[in-house]
Amino acid sequence: MPYTVTQRIRAVEQPAEGYIPISKFSVKKYEDFCQLHYKENISANYVGLAVDYLTRFYVTKNLEEAFDISMLGAKILREEYGMETEYQKCLGLLEKIQQGDVFSAVQLVAYDEVYRAGIIDIPKLQADKFTIENIKIMVNRGVRFLKHCGKEIKSGLDFEGGYTEIVVNGDCDYLTENALIDFKVIRGEMTTNYSLQILMYYLMGLRSEHRKYFEQVKWLALFNPRKNIVYFVNVKKISESVIEEVSKKVIGYKF
């Protein structure tokens with residue numbers, strides 16, 4: 001059965017402490033003296049998408065690329081279901097986002113569901129002022145963090161050339177001159193599912209058409225803009241036995 005990276009992670013039974021225990025990561029907390037509102041009126045999934053896409057936009061300055069999944073969903077509605085009005089609505093939302101409208105960004109990420117889950121009935125996401133303020137704070141944190149990591153930042157790289165019969169889809173969040181970074185906008189703690197995810201991204205990247213960039217990676221990092229915390233580990237601290245087992249058993253490389 002073919003999987004996406006995230007689907008594969010859920011299907012894999014890891015060792016008791018995980019392939020890369022979270023305890024192996026160093027932790028750094030940043031302080032911006034901003035306090036998030038406790039309640040948000042939009043589900044955590046959509047808030048996370050809005051934070052991710054807006055951060056990509058502000059860092060890369062490429063609006064269409066940052067919201068490409070949302071627009072793919074809108075194109076499906078137009079091309080497969082004749083819903084031209086919905087597509088034009090999304091173009092209007094893009095224009096408002098260009099002008100700094102966070103409310104429109106939250107509305108647009110709902111169209112991800114068309115592409116990801118085949119949902120046609122788009123949920124109405126009406127973010128209240130507290131949710132919007134939280135998103136702005138987290139986006140600012142993300143932008144500051146990435147700028148601290150380096151000047152050359154690539155986002156959304158896929159693993160073409162590195163997919164297998166088992167893992168057929170996935171893309172990474174950010175790649176700097178020496179770090180692979182994944183954003184996790186979560187209230188809870190980091191888990192070994194997340195550490196396995198970024199390890200898979202790294203190993204698949206090394207076999208992809210983008211391998212020249214991944215060969216420069218020294219650090220794997222998980223950044224949570226909700227808590228303003230980064231977890232990071234040097235790739236040299238990952239044992240060869242773990243790399244081999246994940247490569248063979250999890251991803252499906254034959255070596």
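Side chains included, hydrogens not; waters and symmetry mates left out as well; all remaining heavy atoms used.
Of the inter-residue distances, the one linking Gln7 atom CD with Met1 atom CE reads 6.0 Å to the nearest 0.5 angstrom. Considering NZ of Lys89 and CD of Gln107, their distance stands at 6.0 Å, rounded to 0.5 Å. In this structure, Asn234 CG and Leu220 CG are separated by 8.5 Å, a value rounded to the nearest 0.5 Å. Here the CE atom belonging to Met200 is positioned 9.0 Å from the OG1 atom belonging to Thr6, to the nearest 0.5 angstrom. Atom CE of Met83 sits about 12.0 Å away from atom CD1 of Ile76, to the nearest 0.5 Å. Here the NZ-CG distance, from Lys184 to Asp52, works out to 9.5 Å after rounding to the nearest 0.5 Å.
Heavy atoms only, all atoms of each residue included: Lys147 and Ile153 are closest at N-CD1, 4.4 Å. Considering every non-hydrogen atom in both Val185 and Pro225, the closest pair reads CG2-CG, 3.7 Å. For Asn41 against Ala127, the heavy-atom pair with the smallest separation is OD1-CA, 3.5 Å. The shortest heavy-atom contact between Cys90 and Met71 is CB-SD, 3.9 Å. Heavy atoms only, all atoms of each residue included: Ile251 and Ile166 are closest at O-CB, 3.5 Å. Closest approach of Ile20 and Lys24 over heavy atoms only: CG2-CB, 4.4 Å.
Residue-environment remark: CD (Glu31) exceeds the threshold of 12 foreign heavy atoms within 6.0 Å. For Lys154, the NZ atom is densely surrounded, since the number of other residues' heavy atoms within 6.0 Å is greater than 12. Remark: Glu84 CD is packed, more than 12 non-hydrogen atoms of other residues, nucleotides or ligands lying under 6.0 Å away. More than 12 heavy atoms of other shown residues, nucleotides or ligands fall within 6.0 angstrom of atom CD in Glu215. More than 12 heavy atoms of other residues, nucleotides or ligands sit less than 6.0 Å from atom NZ of Lys29.
Aromatic rings from Tyr174 and Phe223 are positioned such that their centres are separated by 6.0 Å or more.
For the pair Asn178 (side chain) and Gln216 (backbone), a donor-acceptor distance under 3.5 Å is absent. Of the possible donor and acceptor atoms, none in the side chain of Thr192 sits under 3.5 Å from a partner among the backbone N and O of Ser195. Of the possible donor and acceptor atoms, one in the side chain of Tyr163 sits under 3.5 Å from a partner among the backbone N and O of Phe159. Between the side chain of Asn224 and the backbone N or O of Ile229 there is no donor-acceptor pair closer than 3.5 Å. One N or O on the side chain of Arg211 and one on the backbone of Ser208 form a donor-acceptor pair closer than 3.5 Å. Distance alone, capped at 3.5 Å, is enough to place a donor-acceptor pair between the Asn140 side chain and the Lys136 backbone. Side-chain atoms of Arg207 do not come within 3.5 Å of backbone N or O of Gly161 as any donor-acceptor pair.
Phe130 pairs by the ring pair (Phe, Tyr, Trp, His ring centres under 6.0 Å) definition with His37, not counting sequence neighbours. In this structure Glu177 satisfies the salt bridge (Lys or Arg N to Asp or Glu O under 4.0 Å) test with no other residue, sequence neighbours excluded. Glu189 is linked by a salt bridge (Lys or Arg N to Asp or Glu O under 4.0 Å) to Lys227, counting only residues two or more places apart in sequence or in another chain.
For the pair Arg10 and Tyr3, the minimum side-chain heavy-atom distance is 4.5 Å or more. Residues Val235 and Lys237 fail the side-chain proximity criterion, which asks for heavy atoms closer than 4.5 Å. Between Ile198 and Tyr194 the shortest side-chain heavy-atom distance does not fall below 4.5 Å. Put simply, the side chain of Asp128 does not reach to within 4.5 Å of the side chain of Lys39, judged on heavy atoms. Here the side chains of Ile120 and Leu77 are in contact, with some heavy-atom distance below 4.5 Å. In this structure, the side chains of Thr176 and Glu152 stay at 4.5 Å or more apart for every pair of heavy atoms. A 4.5 Å side-chain heavy-atom check between Ile137 and Leu36 finds at least one atom pair inside the cut-off. Counting heavy atoms from C-beta on, the side chains of Arg141 and Val51 never come closer than 4.5 Å.
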Does the side chain to side chain contact (heavy atoms under 4.5 Å, CB included) test come out yes or no for Thr55 and Met138, once each step is laid out? CA-CA 9 Å; Thr55 301; Met138 289 188 279; over 6 Å; no
What's the verdict on salt bridge (Lys or Arg N to Asp or Glu O under 4.0 Å) for Arg56 and Asp173, showing C-alpha distance, side-chain angles and the deciding distance? CA-CA 9 Å; Arg56 291 192 190 197; Asp173 281 354; 2.9 Å; yes
Asn193 vs Leu196, test: side chain to side chain contact (heavy atoms under 4.5 Å, CB included). Steps then yes/no. CA-CA 5 Å; Asn193 276 0; Leu196 175 57; 5.6 Å; no
If you apply the rule side chain to side chain contact (heavy atoms under 4.5 Å, CB included), what do you find for Ile132 with Lys129, and how did you get there? CA-CA 5 Å; Ile132 290 174; Lys129 66 175 183 177; 5.6 Å; no
Quick one: do Cys172 and Leu180 satisfy side chain to side chain contact (heavy atoms under 4.5 Å, CB included)? Show the steps, please. CA-CA 8 Å; Cys172 65; Leu180 177 61; 3.8 Å; yes
With ring-ring contact (aromatic ring centres under 6.0 Å, His included) as the criterion, how do Phe214 and Tyr201 come out once you've worked through the C-alpha distance, each side chain's angles and the decisive distance to 0.1 Å? CA-CA 9 Å; Phe214 286 88; Tyr201 287 164; 8.9 Å; no
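If you check the side chains of Thr131 and Asn134, you find no donor sitting under 3.5 Å from an acceptor.
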Scan the side chains in residues 92-102 for donor-acceptor partners under 3.5 Å anywhere in the protein, sequence neighbours excluded, and list what turns up.
{"from": "Asp101", "atom 1": "OD1", "to": "Phe103", "atom 2": "N", "distance (Å)": "3.0"}
{"from": "Asp101", "atom 1": "OD1", "to": "Ser104", "atom 2": "N", "distance (Å)": "3.4"}
{"from": "Asp101", "atom 1": "OD2", "to": "Ser104", "atom 2": "OG", "distance (Å)": "2.8"}

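Using a 4.5 Å cut-off between side-chain heavy atoms of Ile, Leu, Val, Met, Phe, Trp and Tyr, with links allowed through other members, Ile181 and Leu203 fall into different hydrophobic clusters. Linking Ile, Leu, Val, Met, Phe, Trp and Tyr residues whenever their side-chain heavy atoms come within less than 4.5 Å leaves Val168 and Val12 in two separate clusters. Connection of Leu49 to Val5 is not established within any shared hydrophobic cluster, with ILVMFWY side chains joined at heavy-atom distances below 4.5 Å, either directly or through further cluster members. No single ILVMFWY cluster, assembled from side-chain heavy atoms under 4.5 Å apart, contains both Ile186 and Tyr30. Follow the hydrophobic side-chain contacts under 4.5 Å out from Trp219 and you never reach Leu157; the two are in separate clusters.
A salt bridge links Arg187 with Glu40: the closest approach of a Lys/Arg side-chain nitrogen to an acidic carboxylate oxygen falls below 4.0 angstrom. Under a 4.0 Å N-O distance rule, the pair Asp32/Arg144 qualifies as a salt bridge.
For the side chain to side chain donor-acceptor pair (under 3.5 Å) condition, the pairs that include at least one residue of residues 245-255, sequence neighbours left out, are Tyr19-Glu245, Glu244-Lys248. Within the structure, side chain to side chain donor-acceptor pair (under 3.5 Å) contacts touching residues 110-120 (residues at least two apart or in different chains) are Tyr46-Glu113, Tyr53-Asp112, Tyr53-Arg116, Ser70-Asp112, Glu86-Tyr111, Asp112-Arg116.
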